[in-house]
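Structure first, then comments.
Remember, it's 1-based here, ligands and their atoms both numbered in the order they're listed. One is the number of the first residue; the rest follow in order along the sequence. Quick caveat: nothing in here was measured; it's all calculated off a predicted structure.
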Amino acid sequence: MSKIRVYQLAKQLNVSSKELIERMKELSVEVGNHMSTIEDEDAKLLLELFTEGSTNNTEEKQNDEKNEAYPEPEATKSNEGPLKNEIDKNIKKSENKKNNSSSQEEPNPMEEKGEQVIQIEEKIIVKDFAEKIKKNPNEVIGKLIKIGVMASINQEIDFETAKTIADEFEIEIEKNMEIVEEATDFFIPMDKEEDLRSRPPVVTVMGHVDHGKTSLLDAIRETHVTEKEAGGITQHIGASEVVIDGNKIVLLDTPGHEAFTTMRARGAKVTDIAILVVAADDGVMPQTVEAINHAKAAGVPIIVAINKMDKEGANPDRVKQELSDHGVVIEEWGGDVISVPVSALKGTNIDTLLEMILLVAEIEELKANPNRSAIGTVIEAELDKGRGPVATVLVQNGTLKVGDSVVIGTTFGRIRAMVNDKGRRVKQATPSTAVEITGFSEVPEAGDQMIVVEDDKTAKEIANNRIDKVKEEQMKKSQRISLDALYSQVQQGTIKELNLIIKADVQGSVEAVKQSIEKLSTDKVVIKAIHGGVGAITESDVMLASASNAIIIGFNVRPTSSATALAKKEEVDVRSYRIIYNALEDIEAAIEGMLDPEYKEVELGKAEVRATFKVPNIGAIGGCYVIEGKILRNAKVRLVRDGIVIHDGVIGSLRRFKDDAKEVATGYECGIGIDNFNDLKEGDIIEAYQMQEIKR
Ligand SMILES: Nc1nc2c(ncn2[C@@H]2O[C@H](COP(=O)(O)OP(=O)(O)OP(=O)(O)O)[C@@H](O)[C@H]2O)c(=O)[nH]1
């Protein structure tokens, strides 16, 4: 039985792949992406359906004639696949729907509801949200409080929170997916479809250590960077271009997913396609899996380069098997991911890999508008002794020209000179071109967005506004309260109130702590518990602490990972205690300037318990996966279940396979036993930490 790809069928139907996929989804037919394959007979059904009128014989005949590529199989009826059943079912459903509505002449309530779905951005201010769902802001705030979110009318809530509230009001909302490119202080209008032109793909090479990322990049460049013209010095600018059959591919020079994630963490998306390098003699390794996850999270298509095919132990089938175990299913296995066996060392099959990149790029329909002012992202930047700040930017939309006024992060200037990856001076750079630029005041950061604006004055204004904002943030943070600095802050008179947020595992503790803590107020500082609740310390607790300059105190509860990250960013002091007395003691000492936590807790890492075993004479062992940081043999550990600390103790045993291990890093599996503790359960989190002495 032959197969056809979605994009090929779309071509036959004279529709875009996106449209076809949408249509298939409407029919509840499972479909991956443009590269997914469809059985021949199913394709035929889709053809019929797409050209509609399958009930009309004449039209059907015409369609059959038009689509000679799919002649009616002789025994279609007896050869019906699941897709056919699915489609039939859905046609019936929609026919029923049609019949019902026409007989009753009443709008379908579902459809009516569907029309009322309100579009909400990823983040929205409470006031605007209330307006959108046509509710009184106070009502919204009331509901927010009920779910433990203390947000004021002018505060932002995220989509998830908005959705919870909307559900309460029985209002349907959905995330507004139409992302208008917009810096917070600068509006960049969307391009019109007719102004868009194809642009070359930008590719990042990812994969496990030593699997050959650098070698592959070198091999590609060696075979294809041919242009070495007079005066042109090949120089390193962070990205290089190769041309095959007149088509350009841009390769980002820094391999590895760190570069990729750093960019993404800063909100920049520069990669269109990820080349996942897997050594054929080694197979899928932890960093391969990480790379897969990062590419997937970013929605970037993957092409697998099975490298080191020249080696004796090369086993591409094993690689494919292991990849499919991680959700990357190669074409020959019925999936939609292209794989190419290569040898970076010998330069074998590099051309095929490049052709596949171009194929995927074509399917992705990468487009930009070359006739507008440029937008780009900084890939690298440094201070050059002779030239001042230099940055390599990838132009992602529009055309960048010498003389353009630009804002890059918090710096600005006018483009003085541009140099391409061959070391040649150029006057302009079109979409998907990396150029090194000079002419601005400060060194920007990798990941900073570059925008071209009207004139120097506007550039300066935007940059200055951004600088002011940064300063304001820093200022806010420098005044941030912490137990360690409390005494000096009280003495200086900068703090007169100590706001606390108290989270505990049971309501009784919350109340007890509130009362005892407030009694610690002195004539210099008033202690107030502004919020208390049961459960893990969440992002909204941190948000509240940040807005009201409070310290968070947790009893037998821990912050969620996102709360920890936010607390770090907002510099909110989060303290965890097991015993109320210790907290009271700390606060009292802090006020009197005698705080002596000579030891500070340093988090080492986290592991998730994925299975449990009983080992005679030792006890319970958790089969764990290290999800963050590392676990050290001599570390202290906390066992956290659903955000609640169940046990605090030390590691009894740490093993990788049969061997004792000193440490186990992120992405690796290990067995962990906790001293004097046997109640391990699947899903538990083991947090490893150490106590470090701090100088006061
Ligand atoms: N036999 C063989 N060896 C290869 C091939 N590709 C790379 N190597 C070797 O594998 C080793 C690692 O290659 P690199 O290109 O440095 O790998 P990498 O993934 O960039 O490594 P890191 O930068 O450390 O993450 C080197 O010794 C290469 O010579 C190949 O196709 N065949």
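Closest to atom 29 (O) of ligand 1, if we only count protein heavy atoms, is Leu345 CD1, 4.0 Å. Ranking the protein heavy atoms by distance from atom 1 (N) of ligand 1 puts Asp310 OD2, 2.9 Å first. Closest protein heavy atom to atom 6 (N) of ligand 1: Asn307 ND2, 3.1 Å. For atom 20 (O) of ligand 1, the closest heavy atom belonging to the protein is Thr214 OG1, 2.7 Å. Of all protein heavy atoms, the one lying nearest to atom 15 (O) of ligand 1 is Ser215 OG, 2.5 Å.
Of the heavy atoms in Lys346, none comes closer than 4.0 Å to ligand 1. If you look at Asp210 next to ligand 1, the close heavy atoms, those under 4.0 Å, come from the backbone and the side chain alike.
Within the model, atoms SG of Cys670 and CG of Asp659 stand 13.0 Å from one another, a figure rounded to the nearest 0.5 Å. In this structure, CG in Leu354 is found 8.5 Å from CD1 in Ile275, a value given to the nearest 0.5 Å.
A 6.0 Å sphere centred on NZ of Lys630 holds no more than 12 heavy atoms belonging to other residues, nucleotides or ligands.
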Exercise for the section: Decide yes or no on side-chain contact (heavy atoms from CB on, under 4.5 Å) for Arg633 and Asp660, but give the supporting numbers first. Expected result: CA-CA 9 Å; Arg633 172 66 181 83; Asp660 284 325; 5.7 Å; no
Exercise for the section: Start with the C-alpha gap between Thr410 and Glu442, add the side-chain angles, then the distance that decides, and say whether side-chain contact (heavy atoms from CB on, under 4.5 Å) holds. Expected result: CA-CA 8 Å; Thr410 51; Glu442 307 277 335; over 6 Å; no
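Comparing heavy-atom distances from atom 4 (C) of ligand 1 across His211, Lys308, Met206, Gln287 singles out Lys308 as nearest.
Within the 4.0 Å cut-off (strictly below), a protein heavy atom is located near atom 13 (O) of ligand 1. At a distance under 4.0 Å, no protein heavy atom can be found next to atom 26 (C) of ligand 1.
Side-chain contact check for Ile686 versus Leu680: some heavy-atom pair is nearer than 4.5 Å.
Residue Gly212 places at least one N or O, backbone or side chain, under 3.5 Å from an N or O of ligand 1. Taking only nitrogen or oxygen atoms, main chain and side chain alike, Met309 does not reach within less than 3.5 Å of ligand 1. The shortest N/O to N/O separation between Ala344 and ligand 1 falls below 3.5 Å.
The His208 neighbourhood of ligand 1 comprises atoms 19 (O), with distances under 4.0 Å to a heavy atom of that residue. Ligand-side atoms of ligand 1 in range of Lys311: 1 (N), range being under 4.0 angstrom from any heavy atom. Remark: ligand 1 atoms within the under-4.0 Å shell around heavy atoms of Lys213 are 15 (O), 17 (O), 18 (P), 19 (O), 20 (O), 22 (P), 25 (O).
Not one N or O on the side chain of Thr438 forms a donor-acceptor pair closer than 3.5 Å with the backbone of Arg416.
In terms of heavy-atom proximity, Gly388 sits nearest to Leu383 at C-CD1, 3.7 Å. Looking at every heavy atom in both residues, Gly283 comes nearest to Thr288 through O-OG1, 4.4 Å.
Remark: of the listed residues Arg638, Arg641, Lys606, Arg641 is the sole one forming a salt bridge (charged side-chain N to carboxylate O under 4.0 Å, His left out) with Asp684.
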